[in-house]
2 protein chains.
Amino acid sequence: MEWNPLKLENQLCFPLYACAKELVKKYKPFLDELNLTYTQYITMMVLWEHNSLNVKTLGKRLYLDSGTLTPLLKKLENEGLVTRTRSAGDERELIVSLTEKGVQLREKASEIPGKIGACIDLPTEDLVKLHEILHKLLKQAGG
Amino acid sequence: MEWNPLKLENQLCFPLYACAKELVKKYKPFLDELNLTYTQYITMMVLWEHNSLNVKTLGKRLYLDSGTLTPLLKKLENEGLVTRTRSAGDERELIVSLTEKGVQLREKASEIPGKIGACIDLPTEDLVKLHEILHKLLKQAGG
DNA sequence: TTAAATTAAATTGCGTACAATTAAATTGTA
DNA sequence: TACAATTTAATTGTACGCAATTTAATTTAA
């Protein structure tokens with residue numbers, strides 16, 4: 001039995017890439033109810049934790065750059081979920097903050113992780129291990 | 001210590017999504033040499049295994065639909081790496097086949113998995129476990 | 001202290017991704 | 001046989017995702 005390193009099945013990246021996409025798809029019906037895309041959802045998640053951050057910090061947390069975030073944040077601003085204001089201390093920085101409406105959306109969103117969890121049928125042991133390895137990988141590969 | 005289910009760090013999907021993106025980025029310098037994007041690369045990988053398939057089968061393997069594949073395959077056709085012809089038996093099917101140039105590209109590509117592997121510093125045990133769990137997850141979540 | 005270097009966001013351009021729809025070919029069935 | 005249902009790609013429209021460049025503000029250093 002020969003190991004073919006160019007076989008899709010033998011890659012590390014491909015199952016990661018495919019799993020991520022399939023899992024993101026599972027969020028869609030739930031996120032549709034909040035009128036959010038997945039990327040908007042994780043952005044809101046960071047804001048629900050921190051209330052107010054600049055684009056750079058937000059981007060570091062999300063592994064996204066301003067090319068992705070700028071239009072996305074303008075969208076969220078149009079929806080009335082966040083405000084975008086320049087920092088008083090440093091005009092280069094754009095501060096993104098939750099509005100009252102943005103804060104309130106958190107309650108509806110809080111049901112989502114449980115609903116997603118119910119879709120995934122893996123032993124807890126695997127879930128914990130997966131978490132652990134992914135964070136290890138992200139620490140060295142990311143950034 | 002309270003478990004916050006809306007914390008980014010506590011999600012399963014987010015590290016998967018972020019890891020996949022970061023890992024795909026690592027391919028870029030190597031793929032640039034072949035003038036391929038990551039999606040084009042995995043498409044070629046399936047073709048190097050099977051030589052000739054229709055779009056539906058290709059899409060099933062790659063977890064991609066015709067909306068993504070149609071323009072991508074036209075690009076590969078323009079580059080002279082594949083041909084696109086309707087099936088004689090069933091005109092609905094489009095058969096994608098490697099050209100000689102497409103076949104030859106495999107040799108250059110064969111160095112990539114090793115180069116990527118060298119970038120990832122995880123114990124073999126973790127790599128094997130990650131593989132195993134991801135395939136398990138893909139089997140139930142994918143499709 | 002001002003000119004060069006750096007930093008932060010925005011912009012541009014290209015390539016995915018995918019839902020929804022359309023168009024054409026084939027299959028199933030009355 | 002004919003017509004409805006199904007199947008396969010292509011198309012359309014929206015939203016990322018990122019490299020590369022640009023613009024404006026700030027910091028560094030000569």
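Labels below follow one simple rule: chain letters A, B, ... track the order of the sequence lines, proteins then strands, and each chain is numbered from 1.
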Below 4.0 angstrom, N of the basic side chain to O of the carboxylate: do B/E22 and B/K26 qualify?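 Salt bridge: no.
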Between A/T43 and A/T39, is there a donor-acceptor pair closer than 3.5 Å when you use the side chain of the first and the backbone of the second?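 At least one qualifying donor-acceptor pair exists.
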Distance-minimising heavy-atom pair for A/V46 and B/L8: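 Looking at all heavy atoms of both residues, the closest pair is CG2-CD2, 3.6 Å.
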Taking any heavy-atom pair under 4.0 Å as a contact, classify A/G89: base, sugar-phosphate, or nothing.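 The residue A/G89 makes sugar-phosphate contact but no base contact.
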Just wondering, are more than 12 heavy atoms of other shown residues or ligands nearer than 6.0 Å to NZ in A/K7?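 12 or below, so no.
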A quick test of your reading: do over 12 heavy atoms of other residues, nucleotides or ligands sit less than 6.0 Å from NZ of B/K115?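 Buried by this count: over 12 neighbours within 6.0 Å.
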Applying side chain to side chain donor-acceptor pair (under 3.5 Å), name anything that partners [X], two or more places apart in sequence or on another chain.
| X | result |
| --- | --- |
| B/E77 | B/R84 |
| A/Q11 | none |
| B/S52 | B/S97 |
| A/K28 | A/D32 |

Close N/O contacts between protein and nucleotides 27-29 of chain D (under 3.5 Å):
none

In terms of the nearest nucleotide of DNA chain D, which residue is placed more toward the 5' end: A/L64 or B/I95?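 The residue mapped nearer the 5' terminus is B/I95.
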May I have all residue pairs that pass side-chain hydrogen bond (donor to acceptor under 3.5 Å, both in side chains) and include part of residues 130-141 of chain A, sequence neighbours excluded?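 Qualifying pairs, neighbours excluded: A/K136-B/D126.
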Trace of the side chain to side chain contact (heavy atoms under 4.5 Å, CB included) decision for B/L23 with B/I120: CA-CA 9 Å; B/L23 206 42; B/I120 299 175; 3.7 Å; yes
For B/K28 and D/dG17, what is the distance between atoms NZ and C1' respectively, to the nearest whole Å?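 Going from NZ in B/K28 over to C1' in D/dG17 covers 12 Å.
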Give the rounded distance in Å between these two atoms: CG of B/L58 and P of D/dA10.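 Distance, rounded to whole Å: 11 Å.
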I'd like to know if A/I95 and A/L73 are part of one continuous hydrophobic network [Ile/Leu/Val/Met/Phe/Trp/Tyr, side-chain heavy atoms within less than 4.5 Å].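 Per the 4.5 Å side-chain linkage, A/L73 and A/I95 are not co-clustered.
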Quick check on the hydrophobic clustering: are A/L12 and B/V128 connected, directly or via other members, by side-chain heavy-atom contacts under 4.5 Å?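 Per the 4.5 Å side-chain linkage, A/L12 and B/V128 are not co-clustered.
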Nucleotide interval of DNA chain C bounded by contacts with chain A (heavy-atom cut-off, under 4.0 Å):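 Answer, 5' to 3': C/dT7 to C/dA19.
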Taking the nucleotide of DNA chain C with the nearest heavy atom to each, does A/E93 or A/D65 sit closer to the 5' end?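 Nearer the 5' end of the strand: A/E93.
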Is there a residue in residues 66-80 of chain A whose heavy atoms reach under 4.0 Å of DNA chain C, and which residues are they?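 Going residue by residue through residues 66-80 of chain A, the ones with a heavy atom under 4.0 Å of DNA chain C turn out to be A/S66, A/G67, A/T70, A/K74.
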Does anything in residues 29-41 of chain A come within less than 4.0 Å of DNA chain C? Heavy atoms only, and list the residues if so.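 Nothing qualifies; none.
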Quick one: which residue pairs count as a ring-ring contact (aromatic ring centres under 6.0 Å, His included) with a foot in residues 18-39 of chain A, not counting sequence neighbours?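 For residues 18-39 of chain A, and leaving out neighbouring residues, the ring-ring contact (aromatic ring centres under 6.0 Å, His included) pairs sorted by first residue read A/Y27-A/Y38, A/Y27-A/Y41, A/Y38-B/Y17.
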Out of curiosity, A/L98 CG to A/T83 OG1, how far, rounded to the nearest 0.5 Å?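 OG1 of A/T83 is found 8.5 Å from CG of A/L98.
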Report yes if a side-chain nitrogen or oxygen of B/K21 is closer than 4.0 Å to either non-bridging phosphate oxygen (OP1 or OP2) of D/dC18; otherwise report no.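 Answer yes for this pair, as a side-chain N or O of B/K21 is under 4.0 Å from OP1 or OP2.
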Kindly state each residue pair satisfying salt bridge (Lys or Arg N to Asp or Glu O under 4.0 Å) with at least one member in residues 89-100 of chain A, sequence neighbours excluded.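 Passing the test, one end in residues 89-100 of chain A: A/D90-A/R92.
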When the axes are fitted on five pairs at both termini, how much does the helix from C/dT1-D/dA30 to C/dA30-D/dT1 curve, in 10° steps?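 About 10° separates the two local helix axes.
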